[in-house]
Amino acid sequence: MKHFLIALLFLPLISIAQSASPKHTVSEKVNVFLGSSGDHGQMTPAATYPFSMLSIGPQTYPKLHAGYEYKAKTFLGFTHNRFEGVGCQGSGGNILIKPYLGNNPSASALVKTAESAAPGNYQVSFSNKIKAAFTVVEKQGLEHYDFPAGEKGFYFDLKHTLANQFVSEQHEVGGQSISGYIEAKTTCNVGTYKIYYYITIDKPVKWADSANHKLTATLDASESNAEIRVSFSSVDVAHAKSALDKREFVQMQTASTRGWDEVLNHIYVKGDAEREKLFYSLLYRTMQSPYVISEKDGSYRATDGSLQHSKETMYNGWAIWDNYRTQLPLLAIALPERYKGITASISNLYAFGKKDYATQHEPSNTVRTEHAIVVLLDAYRKGFKVDFKGICDSLIKDVDRLDYSHPEKALESSYDAWALSQILKVLKKDDLSARYLKKAAEYKTYWKKDFEDVTRRDVDQVSARGLYQGTILQYRWFAPFDLKGLIELMGGDAAYIRQLDHFFENDQYNHANEPDIQAPYMYNASSQPFKSQALVHKLAVDTVVQYYFNDNSRGIDPFIDRIYKNKPDAYIRTMDDDAGANSAWFVFAACGFSPACVGSPVYYLNVPLFPTVSFAWPDGKVFHIATKNYSDQHPYISKVMLNGKILDRTWITHEEIMKGGQLVITASEKPSETGVKNTWVSDMRK
């Protein structure tokens with residue numbers, strides 16, 4: 001039986017997946033190699049599980065930000081975590097394991113000859129006849145290695161990281177197992193995270209410890225294969241060990257595929273086959289993080305290192321500055337049962353000492369948490385429970401220390417001040433609410449000082465005046481909480497439209513990063529919402545011109561192509577996926593609605609990229625979106641009906657979506673007046 005199971009191991013993964021799905025086997029449509037070559041997304045084909053802190057993937061030379069380059073042939077081994085799609089040369093890359101032949105690990109080269117992967121599974125063959133395959137379920141991974149005849153073993157580098165500083169590690173070897181913890185700096189080398197692990201090898205080995213955090217485990221020369229089980233925990237080694245089980249490799253593969261189908265099936269799209277594959281490949285990327293850090297008994301480590309317990313599943317591993325605009329709102333709709341724990345976990349950041357980046361006691365790798373207060377307001381207004389009373393003092397303290405010293409910081413800090421004013425209103429602290437609303441309104445003074453005049457020479461220079469990853473022309477649109485006020489600053493509706501027109505017609509928009517990622521939807525706040533409908537469709541599936549990259553200002557060598565492509569060199573050069581932020585932008589556009597203002601439970605409508613889109617939830621409710629007169633040449637909305645009644649607007653509320661029902665959008669080749677007289681415009685005074 002054992003030999004039969006291993007023979008199955010290298011069959012195409014699609015054959016295993018076909019029997020795994022509870023509804024549709026959409027995981028087979030996912031291309032895990034999307035965005036894994038060059039500086040085009042910083043993603044990897046690592047074996048993962050939804051929201052798991054454990055991911056087993058190849059470490060190549062060269063490594064790129066995520067530890068992997070699709071075109072690379074040379075492998076250094078395999079590592080067990082990475083934060084997908086982030087900058088600062090990547091993050092994670094702990095516990096490198098390298099299978100080797102002979103008696104010298106460094107002299108045993110791993111040169112790729114073939115590889116394949118699917119959600120939860122990865123496998124590769126090398127020129128020296130070693131084969132490796134990996135699968136992950138929750139926080140446990142199973143690694144299967146086939147070896148040719150002769151001396152062989154495994155090399156362990158316990159201090160390995162992608163780009164972060166190694167801090168410390170402790171390990172204990174016992175028989176066929178090794179356990180301990182790893183400490184390393186988080187993304188951008190800011191804070192420190194600590195991961196406990198337990199690893200066991202299924203064959204007898206002889207250990208040799210070089211005392212510099214590197215070990216070898218020598219197998220008997222007669223062995224033709226070996227399996228390694230590895231488990232992570234944020235709590236302690238005992239919890240990591242207890243997570244290990246005895247399931248066979250194919251059983252684990254099937255469970256991993258089923259786990260991915262379960263979350264991906266919350267959104268079902270039907271249309272062009274190749275676009276379906278692109279959709280699910282990007283949806284897959286939105287469900288990598290944050291990471292589950294709590295154990296089945298409810299224990300977890302807070303960001304101050306203390307041991308805590310919770311009835312909710314707890315998460316860590318944040319990139320909120322990047323993905324609060326798209327990925328987190330998407331999870332709130334697609335996976336509301338999980339988003340309860342995500343909301344509680346973000347609230348917990350304030351209870352245990354939140355910082356903009358990372359603490360010195362993170363329970364997992366993480367990036368940054370700016371605008372967490374906006375996310376909490378957004379969650380509350382969408383019906384999720386938030387204990388504002390318990391963290392009120394911490395929220396105020398966090399907003400009081402915000403930075404207004406740079407032009408874009410002033411706008412972003414004002415957004416948080418607005419969110420605090422709304423939360424204080426919920427707590428019936430009206431005087432305090434009014435004070436922070438007044439502080440938020442000061443964004444207008446900063447805007448007039450730095451963003452009103454667009455004739456200055458530096459307005460199209462990335463990082464001019466200390467800006468972070470954007471230009472004056474891009475950041476001047478950032479007042480999502482008060483578009484009514486922004487329109488007034490620009491001189492009214494006609495002037496606002498003229499300036500938006502100039503911005504997009506002159507290719508000043510930059511989809512390679514998030515600072516102006518909401519701008520394509522901003523015509524919805526004007527008397528010409530149809531322009532957003534056409535623009536969103538173009539950015540999602542048509543050829544565009546993009547002059548800006550994250551490493552330079554406007555030049556003479558623009559990007560001219562589709563942004564979202566289902567291949568390894570996807571995206572625009574230097575465009576990171578940023579923990580699902582840019583993938584989620586496409587997913588929203590494909591479904592036909594996107595957040596109007598995070599913090600307000602409203603979405604702007606556009607023509608979906610599929611004739612049929614359905615959201616399904618565990619309580620049995622379904623929200624079905626149908627597009628009449630569907631065509632890629634019909635990007636405009638001519639009519640909207642919700643549950644059989646005309647909806648004379650191009651926006652919809654969160655409550656209307658989550659109630660379930662049917663939204664019917666009639667598409668048109670030409671603009672229409674639909675929704676022009678009933679626009680939704682954010683207004684900080686309401």
Side-chain angles (χ1 to χ4, degrees), residues 46-57 78-81 92 94-97 120 134-145 153-160 167-184 193-207 209 213-217 219 226-249 251-253 255-256 259 291-302 305-310 313-317 361-365:
T48 66
Y49 193 78
F51 309 102
S52 175
M53 62 195 297
L54 174 69
S55 63
I56 309 175
F78 305 94
T79 57
H80 293 73
N81 67 334
N94 300 127
I95 310 181
L96 182 141
I97 300 178
F134 310 94
T135 188
V136 173
V137 177
E138 296 180 344
K139 299 174 190 173
Q140 178 190 189
L142 182 55
E143 309 178 5
H144 179 88
Y145 298 90
F154 296 103
Y155 164 79
F156 289 74
D157 183 351
L158 300 178
K159 68 179 294 186
H160 188 273
V167 176
S168 69
E169 67 92 5
Q170 286 187 9
H171 65 269
E172 181 178 334
V173 173
Q176 294 165 217
S177 300
I178 179 173
S179 60
Y181 69 78
I182 303 289
E183 283 188 301
Y193 65 94
K194 188 174 188 177
I195 294 176
Y196 297 90
Y197 66 90
Y198 193 90
I199 298 172
T200 183
I201 306 172
D202 75 335
K203 301 292 172 63
V205 292
K206 294 180 180 179
W207 292 95
D209 193 332
H213 313 292
K214 297 177 174 63
L215 303 88
T216 55
L219 289 161
E227 289 189 341
I228 295 178
R229 293 183 187 268
V230 55
S231 182
F232 276 5
S233 173
S234 73
V235 176
D236 53 32
V237 170
H239 279 87
K241 183 177 180 180
S242 68
L244 295 176
D245 59 40
K246 297 182 180 180
R247 280 178 289 180
E248 298 276 2
F249 195 96
Q251 292 175 311
M252 287 278 286
Q253 273 191 318
S256 188
Y291 310 122
V292 174
I293 58 167
S294 55
E295 300 295 339
K296 296 188 185 302
D297 62 6
S299 61
Y300 71 97
R301 296 278 178 185
S306 63
L307 182 62
Q308 303 291 332
H309 288 79
S310 173
T313 301
M314 300 303 288
Y315 296 80
N316 195 58
H361 303 283
E362 295 288 338
S364 74
N365 201 355

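- Minimum interatomic distance between V205 and G175 (heavy atoms only, all atoms of both residues): CG2-O, 4.2 Å.
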>> Go through it in stages, so that I can follow the logic: the residues are H239 and K296, the test is side-chain contact (heavy atoms from CB on, under 4.5 Å), and I'd like the CA-CA distance, side-chain angles, deciding distance and then a yes or no.
In response: CA-CA 9 Å; H239 279 87; K296 296 188 185 302; over 6 Å; no

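- At a cut-off of 3.5 Å, with distance as the only test, a side-chain donor of S306 or Q308 sits close to an acceptor on the other residue.
- Side-chain atoms of T79 do not come within 3.5 Å of backbone N or O of L96 as any donor-acceptor pair.
- Atom CZ of F78 is separated from atom CZ of F154 by 10.0 Å, given to the nearest 0.5 angstrom.
- Side-chain atoms of T135 come within 3.5 Å of backbone atoms of G120 as a donor-acceptor pair (strictly under, hydrogens ignored).
- For the side chain to side chain donor-acceptor pair (under 3.5 Å) test with Y198, the passing option among S177, S242, S233 is S177; the others fail.
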>> Would Y145 and I97 count as a side-chain contact (heavy atoms from CB on, under 4.5 Å) here? Give the steps.
In response: CA-CA 11 Å; Y145 298 90; I97 300 178; 4.1 Å; yes

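- The two residues I95 and H80 come nearest to each other via the heavy atoms O-ND1, 2.7 Å.
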> Would Y181 and E183 count as a side chain to side chain donor-acceptor pair (under 3.5 Å) if you check the C-alpha gap in whole Å, the side-chain angles of each, and the deciding distance to 0.1 Å?
Replying inline: CA-CA 7 Å; Y181 69 78; E183 283 188 301; 4.7 Å; no

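- When every heavy atom of G259 is checked against every heavy atom of Y49, the shortest pair comes out as CA-OH, 3.5 Å.
- Closest non-hydrogen pair, I293 versus R301, comes out as CD1-O, 3.7 Å.
- Minimum interatomic distance between R247 and R229 (heavy atoms only, all atoms of both residues): O-NH2, 2.6 Å.
- With values rounded to the nearest 0.5 angstrom, S55 atom OG is found 11.5 Å from F134 atom CZ.
- Contact check for Y193 versus N94: side-chain heavy atoms found under the 4.5 Å cut-off.
- A perpendicular orientation is assigned to the rings of F249 and H144, their planes being inclined by more than 60° (bins at 30° and 60°).
- In terms of heavy atoms, I56 sits closest to G141 at CD1-CA, 3.9 Å.
- Side-chain atoms of Q176 come within 3.5 Å of backbone N or O of I201 as a donor-acceptor pair.
- No more than 12 heavy atoms of other residues, nucleotides or ligands shown are found within 6.0 angstrom of NZ on K241.
- The CD1 atom of I195 sits 9.0 Å away from atom CG of L54, with the distance rounded to the nearest 0.5 Å.
- Rounding to the nearest 0.5 Å gives a distance of 11.5 Å between OH of Y300 and OG1 of T313.
- There is no side-chain donor-acceptor pair under 3.5 Å between Y197 and N81.
- Taken to the nearest 0.5 Å, the CD1 atom of I182 stands 11.0 Å off from the NZ atom of K159.
- With a 4.5 Å cut-off on side-chain heavy atoms, S52 and V136 count as touching.
- There is a side-chain donor-acceptor pair under 3.5 Å between H213 and E169.
- Taking the six-membered ring where tryptophan is involved, the planes of Y315 and F51 are perpendicular, since the angle between them exceeds 60° and thus also 30°.
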> Step by step, would you call V137 with D245 a side-chain contact (heavy atoms from CB on, under 4.5 Å)?
Replying inline: CA-CA 11 Å; V137 177; D245 59 40; over 6 Å; no

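- In this structure, the side chain of S231 does not engage the main chain of Q140 through any donor-acceptor pair within 3.5 Å.
- To the nearest 0.5 Å, atoms OG (S234) and CD (E295) are separated by 6.0 Å.
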